[in-house]
Amino acid sequence: MTQAYQKKEAVSETVSLAFKRHILEKSAGFASEPMADAFRVSLLAQMLDRYDALRAKGVGEQAAMHRTMYEFDDIAAQMRDMGFEETQAFDEENLSRWPQLSQREAEDYIRARDAYLHKTSLGIMLCSACVTPLMIAAAFSEVWYSDAFAMLGLMGMFAMIGMGVYAMVTAVKPKNEKKIKKGRFSLSRGLRRMLEQMKDAVEAKSRKRKGIGVALIVTSLIPMFAGAAFSEIWYSDAFPMMGLAGMFLMIGAGVYELVMADGEKKTIQQLLDPRE
């Protein structure tokens with residue numbers, strides 16, 4: 001009961017912090033005077049009530065949070081219609097409970113995350129395609145009738161597994177990942193604008209990578225069928241073995257693309273919309 005209550009409290013704090021950041025960013029162009037601050041507090045209460053209503057309908061935590069922020073996206077227009085005073089000078093850092101994230105910190109985080117994702121994806125790919133050396137060795141064994149190739153194939157399989165595990169274990173997460181995930185930072189207008197521009201490019205790249213990954217996995221049977229066809233022509237079991245090797249290579253490459261596509265997209269999302 002205590003653990004469940006603590007988890008619920010942690011989620012509530014995360015949601016409340018995300019809503020506060022949303023309100024502060026959307027109302028950044030207005031002065032911090034008593035009536036405007038009271039309006040911001042009222043908006044927070046409304047957003048929390050809307051979030052609770054969506055959760056009561058069975059909507060997931062993240063979906064309910066994003067939907068609520070989407071519905072309360074016209075805060076600036078509301079404040080303008082209500083006659084609140086706009087200001088040119090706005091100190092975002094003073095209104096946030098967390099310090100601003102610098103452009104260099106954001107760029108370092110993106111680079112570190114990309115390196116971590118690459119090593120992790122590479123490790124998964126090597127483990128997924130570890131049967132490839134065994135299949136190639138089996139093909140050579142059919143041609144030269146020697147069991148030595150089978151032993152070499154087993155060595156290659158375990159070597160790929162070892163390299164894959166090594167890559168995953170030695171992948172280093174960014175030093176400030178915990179801070180980023182928990183949203184313990186604020187963004188300047190310039191940095192947010194830059195990240196939003198990057199987001200479009202990253203999402204396009206992610207869709208392309210996801211398409212390549214899915215295509216590789218869906219079409220991974222082609223080498224196997226090709227090997228079977230060549231086997232019928234030249235009457236050798238080596239071709240089906242090579243076909244299987246090609247199939248596992250395509251599956252491994254497809255898995256790599258899918259993991260990278262999802263990870264690169266999440267990196268930008270974490271910076272623009274931090275969450276647990």
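We number each residue from 1, following the sequence as shown.
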Practice prompt. Determine, step by step, whether Ile251 and Met247 satisfy the side chain to side chain contact (heavy atoms under 4.5 Å, CB included) criterion, reporting the C-alpha distance in whole Å, the side-chain angles of both residues, the deciding distance to 0.1 Å, and the verdict.
Written response: CA-CA 6 Å; Ile251 290 173; Met247 181 187 74; 4.1 Å; yes
Practice prompt. Can you measure from CD (Gln197) to CG (Leu195) and round to the nearest 0.5 angstrom?
Written response: 9.5 Å
Discussion item. Could you go through Ile110 and Ile268, starting from their C-alpha distance and side-chain angles, then the distance that decides it, and tell me whether this counts as side chain to side chain contact (heavy atoms under 4.5 Å, CB included)?
Written reply: CA-CA 8 Å; Ile110 292 171; Ile268 301 298; 4.0 Å; yes
Worksheet item: Under 4.5 Å between side-chain heavy atoms, hopping through other hydrophobics if needed: is there a path connecting Leu126 to Phe158?
Response: no
Item to complete: State, with a plain yes or no, whether a side-chain heavy atom of Tyr51 is found less than 4.5 Å away from one of Val59.
Response: no
Fill in: Check against side chain to side chain contact (heavy atoms under 4.5 Å, CB included), Met241 and Ile136
CA-CA 6 Å; Met241 296 298 103; Ile136 295 174; over 6 Å; no
Worksheet entry | Neighbour count above 12 (heavy atom, 6.0 Å) for Lys119 NZ | yes
Practice prompt. Decide yes or no for Lys20 and Arg40: does some side-chain heavy atom of the first lie under 4.5 Å from some side-chain heavy atom of the second?
Written response: no
Practice prompt. State, to 0.1 Å, how close Ala76 and Lys26 come at their nearest heavy-atom pair, and which atoms those are.
Written response: CB-O, 3.4 Å
Worksheet, complete the sentence: Closest non-hydrogen atoms of Ala106 and Leu191, given as atom of the first, atom of the second and distance, are CB-CD1, 4.1 Å
Worksheet item: Is any side-chain heavy atom of Thr267 less than 4.5 Å from a side-chain heavy atom of Leu117?
Response: yes
Worksheet item: Does one hydrophobic cluster hold both Phe19 and Leu54, with members joined at side-chain heavy-atom distances below 4.5 Å?
Response: no
Discussion item. Measuring only between side-chain heavy atoms, which start at C-beta, is Phe239 closer than 4.5 Å to Glu232?
Written reply: no
Item to complete: Return the orientation label for the Tyr256 and His118 ring planes: parallel under 30°, perpendicular over 60°, tilted otherwise.
Response: perpendicular
Practice prompt. Give a yes or no on whether a salt bridge exists between Arg111 and Asp108, defined as a side-chain N under 4.0 angstrom from a carboxylate O.
Written response: yes
Worksheet item: Roughly how far, to the nearest 0.5 Å, is the CD atom of Glu203 from the NZ atom of Lys265?
Response: 5.0 Å
Practice prompt. Write down the atom of Cys127, the atom of Met168, and the distance for their closest heavy-atom approach.
Written response: SG-CE, 3.9 Å
Worksheet item: Does the side chain of Met250 reach to within under 4.5 Å of the side chain of Ile217, using non-hydrogen atoms?
Response: no
Fill in: Minimum heavy-atom distance between Ala171 and Thr120, given as atom pair plus value
CB-OG1, 3.7 Å
Discussion item. Does Arg80, at its CZ atom, have more than 12 non-hydrogen atoms belonging to other residues, nucleotides or ligands within less than 6.0 Å?
Written reply: yes
Item to complete: Mark yes when over 12 heavy atoms from residues, nucleotides or ligands other than Phe230 sit less than 6.0 Å from its CZ; otherwise mark no.
Response: no
Discussion item. Given 3.5 Å as the limit, does a donor-acceptor pair link the side chain of Thr68 with the main chain of Ala64, or not?
Written reply: yes
Worksheet item: Got His22 and Met47 here, is their nearest side-chain heavy-atom distance under 4.5 Å?
Response: yes
Item to complete: Starting at NZ of Lys173, measure out to CD1 of Ile180 and round the result to the nearest 0.5 Å.
Response: 14.0 Å
Practice prompt. For Arg209 and Glu264, indicate whether the former's side chain and the latter's backbone hold a donor-acceptor pair under 3.5 Å.
Written response: no
Worksheet item: When rounded to the nearest 0.5 angstrom, what is the spacing between CE in Met65 and CG in Leu48?
Response: 11.5 Å
Worksheet entry | Pairwise side-chain contact, Leu122 with Met125, heavy-atom cut-off 4.5 Å (strictly under) | yes
Worksheet item: Does the pair Phe39 and Gln78 meet the rule for a side chain to side chain contact (heavy atoms under 4.5 Å, CB included), with working shown?
Response: CA-CA 10 Å; Phe39 179 72; Gln78 290 184 46; 3.7 Å; yes
Discussion item. Assess, by modelled atom type and distance only, whether the side chains of Tyr116 and Glu177 contain a donor and an acceptor separated by less than 3.5 Å.
Written reply: no
Worksheet item: To the nearest 0.5 Å, how far apart are CE in Met135 and CE in Met157?
Response: 9.0 Å
Worksheet item: Should Ile75 and Met69 be regarded as members of a common hydrophobic cluster, given that ILVMFWY residues are connected when their side-chain heavy atoms come within less than 4.5 Å of each other, either directly or indirectly?
Response: yes
Worksheet item: Which distance, rounded to the nearest 0.5 Å, do you find between the CD1 of Ile23 and the CG of Asp37?
Response: 11.5 Å
Discussion item. Hydrophobic cluster membership, with links at side-chain heavy-atom distances under 4.5 Å among I/L/V/M/F/W/Y: are Met35 and Val41 in one?
Written reply: no
Worksheet entry | Common cluster, Leu249/Ile212, ILVMFWY with side-chain heavy-atom separation under 4.5 Å | no
Practice prompt. Would you name the heavy atoms of Ala137 and Gly153 that are closest together and state the gap between them?
Written response: CB-CA, 3.4 Å
Discussion item. Looking at every non-hydrogen atom in both residues, tell me the closest pair between Leu216 and Gly254 and how far apart they are.
Written reply: CD1-N, 3.7 Å
Worksheet entry | Close side-chain approach of Lys266 to Arg113, heavy-atom, < 4.5 Å | yes
